[in-house]
Amino acid sequence: MEIRDIKTHLSILTVLNSYNLKPNKNNMLKCPFHEDKDPSLKVYTNTNTFNCFGCGKAGDQIEFIQLKENCSKHKAIIKAKSLANINETIPPMKQENQEDKNLLPRIAVLSKVAQDSKASYKRTANAKDYIRSRKLDPDKLEVGYIGTDFGKTWNKQLKESGLQLGILKESRQNTIVPKFKNCVLFFTKNEKGQIIDIYGRSINPNGEGKHFYLNGKHQGIYPGYPNTKTTKLILTECLIDAATLEQQAEINENYTILSLYGTNGFTTEIEEAIKELPELEEIIIFFDGDQAGNEAATKTAEKLKAINLKLTITKVETPEEEDINSLLQGHEPEILNHLINERKPINQEQEQGNDTEAPPEPSQLNTETPDKITYSENQLQFIIWGGIEKDNIHRLKLNLLVQLKGDDFRYYQDDVNLYSNGQLQRYIKGASEELEISGTVLKNTIRNLKSQIETYRLTLIEAERKALKPKVYQMTDKEVRAAQAFLKANNLVQNTMTAISKSGLIGEQQNGLLLFFLYLSRLFNEPLHAIIYGKSGSGKTYLQTKISECLPEESVRTITSLTENTLYYSAKDFWKHKLLLIEDLEGVYNAFLPLREFMSKQSISKLTTDKDAKGNNVQKVLMVEGPICVSGATTKSNIYEDNANRSFLLHIDESPEHAREVMDYQRKMQAGIVNEAEQQKYKKLLQNTQRLLRKVRIINPYATMLDIPECVFKKLRTNMHYLRLIEIITFYHQQQREIKTDANGNPYITTTPEDIAWANFLIKDSLLRKSDELSGQVRHFFESLKSFADKKEEPKTIYAKEVREAFRMNPMSINRYLRELENRGYIQRNGGNRKTGFEYEIKAWDEYKKLKSGIDILDEILEKVKAKYNSQNKPKS
């Protein structure tokens, strides 16, 4: 009788009953193959199959018996026959024919999976973006993609086959869903080139798990069976590493590439395929640069030597904590060729004829699971539950369990501070009595354990310290040459303004260039700061973000909220020469006092009380150092006056023309006609130019001739801002200026009239704002009001009602602005009442023109500077 006859006569429920297992009304039961608190094994009575959603075990009646009895398949068949009350002798299986019989439906189903998933991949941008993020060409890979709706249109037979293979699964709501949801699929192939297995890599960072496989053992080889003419073969640890090498033309031309299924994934099928390569001379092992990868390389080399002693086995020295794909992401592709060319033979130590046993390796702390650290020495086994305290270096408090090896029922567990002699003695006494062992042995073992824990803790602390340090970007030679050429070209400032526009900033060229130079001041010991004003939705954060994208990533700290303690408890140099980008100043209102001091003094300190190791109160000074450049955006122009006095004030262009320009750009973005690659190129160029700038002393020989308008409020601070802006522009030109030396031999560069001219161009609007007693919003309203009144016939009086209708503003805002203008004498109320509306007359028509004319003193002084410069640099006759 054949196996299918046994399956026909035997119900899965009969098998379960024989083990006293009974499913509930939903055909669910607690899985007998793993510890299961809630029922997770589903029984399918219509197909006589089962599937556990917890451990993944699945199969039919015979496979259930085989798993439950932990026996061979033949014994499971005999057991199934007895349960089905069949007495005929079961003929032995013909292995080869049976295998072919089982594979045909698998190949058919996987062919359908490949067809549907490849079509889905072509339609799914996220899948292609994931492949691009791995620095792979999405159009050259043979991959598929499974989304949330995969398999919904399949017929019943296909779905049942998908469940059996593990491509589909049944959810707790009794619906069939894809097991490989949101996964990019890689296909392995058999000797005939047919797809025989799949590997799924999740592209969802928040999903449960990253790696997915079909039920049962791994089958097939990726990217395919090697050519019989292969002489040099590269083995990788995983499929995506093999795909990475396969896309490198030079490597693919000179080597055959084959992937394992992880560090323990050297399958029998791979071994047999290698045996069938008669011309094979060398196998190159290119695994990950971690401990697991190095150990797997050694084990794999031993297996390969067993295949053929004449084979040359070499190993690529992968950098620590890197793999093939991560190397491609962080470096140029040439690094892969370089590492392969530098491969070294794996030395196989021969111990034949050497009867001397090597000394046992010293016991090592096992920290693979940080919350369950283990340590073994002699007959003792230790477990540290909950990890190791890192913050307080003055103590070593652990939850420590100790037991004898092989005896899980006798143990001693307690909290103990290994730096406290009293606690340690009590722990040793209690453990030695409980386990009936020598206290001296236990004491010496704990001393060794403590030493290794201390080393491990220092490693963790150092890793955290390194993680806080920003990664320094390493420019390529090509990038360095491009940045140098940009800095040395004529019209540097004009070119920079153009580059900022091409990086994606729409309009706002003057504000954008000024902000760029203000952010550049972070490299000075006394940086400048910026506050950007504008209505909600006017583009404040957009301007700030676009300019910050032109800065090196390691120089920017972006926040949405900030507390006072956050500043004081930062690492000492966390903010040094950095730009603090505040998306909304309201989010840091509680930190304004220390932030103001930080902006002015470039360092802040705070006296606080803490506990020492003995629990005593001690005074502690928290010190944080700058310099720091601060930039923030806000809709409120009056609340932040103290901070505004320390900053350049930039007002967003809220004109209809600018709004139309922005909307036109938004339409082009949606139409896909904006060259985003070019924008990225200019951002990278501007970032690299700043990476080349070096600290140099600036001397402005014309500083004594400069002045600012009398109408400017707080002249002392504003004058310093003006001089500092000139200094920044000069600093930016350092690669174009002659390096001079003073009487003491100190190098410096000098300011030119061109630097002053650009500073005047950029600062005029800011000076005008600081000279105006009206806020930006009120000034904009008043100028619009004058234009509205000027169009009217005499008498040029206006009513609040008609202003409200013309301007379409909130009535409360209009009333507030009119009241402020009236109080300051800019307008006068001539009549009217609350019911019919008040009548106003404008009294100050030309005050803003006079204010603007006062700013023109900058141009007059510039002409004098140019005259002096020309006389000093006049060619000698």
**Prompt:** If you measure from OG1 on Thr718 to CD1 on Ile763, what distance do you get to the nearest 0.5 Å?
**Reply:** 8.0 Å

**Request:** Can you see which heavy atom on Val493 is nearest to which on His733, and at what distance?
**Result:** CG2-CE1, 3.4 Å

**Prompt:** Is it the case that Thr752 and Tyr869 place a side-chain donor and acceptor less than 3.5 Å from each other?
**Reply:** no

**Request:** Please step through salt bridge (charged side-chain N to carboxylate O under 4.0 Å, His left out) for the pair Asp664 and Lys668, ending with a clear verdict.
**Result:** CA-CA 6 Å; Asp664 182 56; Lys668 289 179 180 178; 3.5 Å; yes

**Message:** Strictly distance-based, threshold 3.5 Å: is any side-chain N or O of His658 a donor or acceptor partner for the main-chain N or O of Gly507?
**Reply:** no

**Request:** Could you tell me the separation between the CG atom of Leu487 and the CD atom of Gln690, rounded to the nearest 0.5 Å?
**Result:** 9.5 Å

**Request:** Would you confirm whether His651, through its side chain, and Tyr533, through its main-chain N or O, come within 3.5 Å as a donor-acceptor pair?
**Result:** no

**Request:** In plain terms, say whether Glu597 and Lys606 are close enough for a salt bridge, that is, a side-chain N and a carboxylate O under 4.0 Å apart.
**Result:** no

**Request:** Look only at the side chain of Gln734 and the backbone of Arg694, and say whether a donor-acceptor pair between them is shorter than 3.5 Å.
**Result:** yes

**Prompt:** For the side chain of Gln544 and the backbone of Ile582, is there at least one donor-acceptor N/O pair under 3.5 Å apart?
**Reply:** yes

**Prompt:** Between Tyr542 and Ile652, is any pair of side-chain heavy atoms under 4.5 Å apart?
**Reply:** no

**Request:** Determine whether Leu585 and Ile531 make a side-chain contact, defined as any pair of heavy atoms from C-beta on separated by less than 4.5 Å.
**Result:** yes

**Item:** Listed partners of Arg804 passing salt bridge (charged side-chain N to carboxylate O under 4.0 Å, His left out), at least two apart
**Value:** none

**Message:** Below 30° counts as parallel, above 60° as perpendicular, anything between as tilted: where do the rings of Phe782 and Tyr826 land?
**Reply:** perpendicular

**Atom of Asn511, atom of Leu650 and distance for their closest heavy-atom approach** = O-CD2, 3.6 Å

**Message:** If you define the side chain from C-beta out and look only at heavy atoms, does anything of Tyr519 sit under 4.5 Å from Leu581?
**Reply:** yes

**Prompt:** Does CD belonging to Glu657 count more than 12 external heavy atoms closer than 6.0 Å?
**Reply:** yes

**Option passing salt bridge (charged side-chain N to carboxylate O under 4.0 Å, His left out) with Glu554 (candidates Lys578, Arg691, Lys576)** = Arg691

**Prompt:** For the ring pair Phe516 and Tyr732, is the centre-to-centre distance below 6.0 Å?
**Reply:** yes

**Evaluation steps, side-chain contact (heavy atoms from CB on, under 4.5 Å), between Leu543 and Leu515** = CA-CA 9 Å; Leu543 171 63; Leu515 209 54; 4.0 Å; yes

**Ile547 CD1 to Glu508 CD distance, which is reported to the nearest 0.5 Å** = 9.5 Å

**Request:** Step through the shown structure and confirm whether more than 12 heavy atoms of other residues, nucleotides or ligands are within 6.0 Å of NZ on Lys601.
**Result:** no

**Item:** Minimum-distance pair of heavy atoms, taken over all atoms of Thr751 and Arg737
**Value:** CA-NH1, 4.3 Å

**Message:** With a 4.5 Å cut-off on side-chain heavy atoms, are Val674 and Gln679 touching?
**Reply:** yes

**4.5 Å side-chain heavy-atom contact, Met475 and Leu692** = yes

**Item:** Expected output: side-chain Glu583 to main-chain Ala633 donor-acceptor under 3.5 Å
**Value:** no

**Request:** Take Tyr722 and Asn760 through the test side-chain contact (heavy atoms from CB on, under 4.5 Å) and record every step on the way to the result.
**Result:** CA-CA 8 Å; Tyr722 176 46; Asn760 290 354; 2.5 Å; yes

**Prompt:** Which atoms form the tightest heavy-atom contact between Arg724 and Glu727, and what is the distance?
**Reply:** NH1-OE1, 2.7 Å

**Item:** Over 12 non-hydrogen atoms of neighbours within 6.0 angstrom of OH in Tyr799
**Value:** no

**pair Phe524-Pro627: side-chain heavy atoms closer than 4.5 Å** = no

**Request:** Report yes or no: does Lys866 contribute a side-chain atom to a donor-acceptor pair with the main-chain N or O of Lys864 at less than 3.5 Å?
**Result:** no

**Sidechain-backbone polar pair: Asn746 side chain, Asp742 backbone, donor-acceptor under 3.5 Å** = no

**Asked** Any side-chain heavy atom of Trp758 within less than 4.5 Å of one from Ile726?
**Response** no

**Request:** Enter the distance from Met720:CE to Glu526:CD here, rounded to the nearest 0.5 Å.
**Result:** 6.5 Å

**Complete:** Looking only at heavy atoms, the pair that brings Ala800 and Tyr840 closest together is CB-CE1, 4.3 Å

**Message:** The test is side-chain contact (heavy atoms from CB on, under 4.5 Å); show your working for Leu693 and Phe731 and say whether it passes.
**Reply:** CA-CA 8 Å; Leu693 297 175; Phe731 170 79; 3.8 Å; yes

**Request:** Return yes if some donor-acceptor pair links the side-chain N/O of Gln736 with the main-chain N/O of Asn490 below 3.5 Å, else return no.
**Result:** no

**Prompt:** Does Glu783 pair with Lys786 as a salt bridge, N-O distance under 4.0 Å?
**Reply:** yes

**Message:** So, taking the atom named CZ in Phe648 and the one named CG in Leu514, what distance separates them when rounded to the nearest 0.5 Å?
**Reply:** 6.0 Å

**Message:** Looking at every non-hydrogen atom in both residues, tell me the closest pair between Ile532 and Lys540 and how far apart they are.
**Reply:** O-CD, 3.9 Å

**Prompt:** Which word best sums up how the rings of Phe807 and Phe781 line up, parallel for under 30°, tilted for 30 to 60°, or perpendicular for over 60°?
**Reply:** perpendicular

**Gln602 (side chain) donor-acceptor with Met599 (main chain) under 3.5 angstrom** = yes

**Message:** Between Gln509 and Ser501, is there a side-chain donor-acceptor contact under 3.5 Å, judged purely by atom types and distance?
**Reply:** yes

**Message:** What verdict does the side-chain contact (heavy atoms from CB on, under 4.5 Å) test give for Tyr702 and Ile861, after you've listed the backbone C-alpha separation in whole Å, the side-chain angles of each residue and the deciding distance to 0.1 Å?
**Reply:** CA-CA 10 Å; Tyr702 312 104; Ile861 295 174; over 6 Å; no

**Prompt:** Rounded to the nearest 0.5 Å, what separation is found between the CZ atom of Phe598 and the OH atom of Tyr568?
**Reply:** 10.0 Å

**Request:** Could you tell me whether Glu553 atom CD has more than 12 heavy atoms of other residues or ligands within 6.0 Å of it?
**Result:** no

**Asked** Can you check whether Glu754 reaches Leu492 side chain to side chain, under 4.5 Å on heavy atoms?
**Response** no

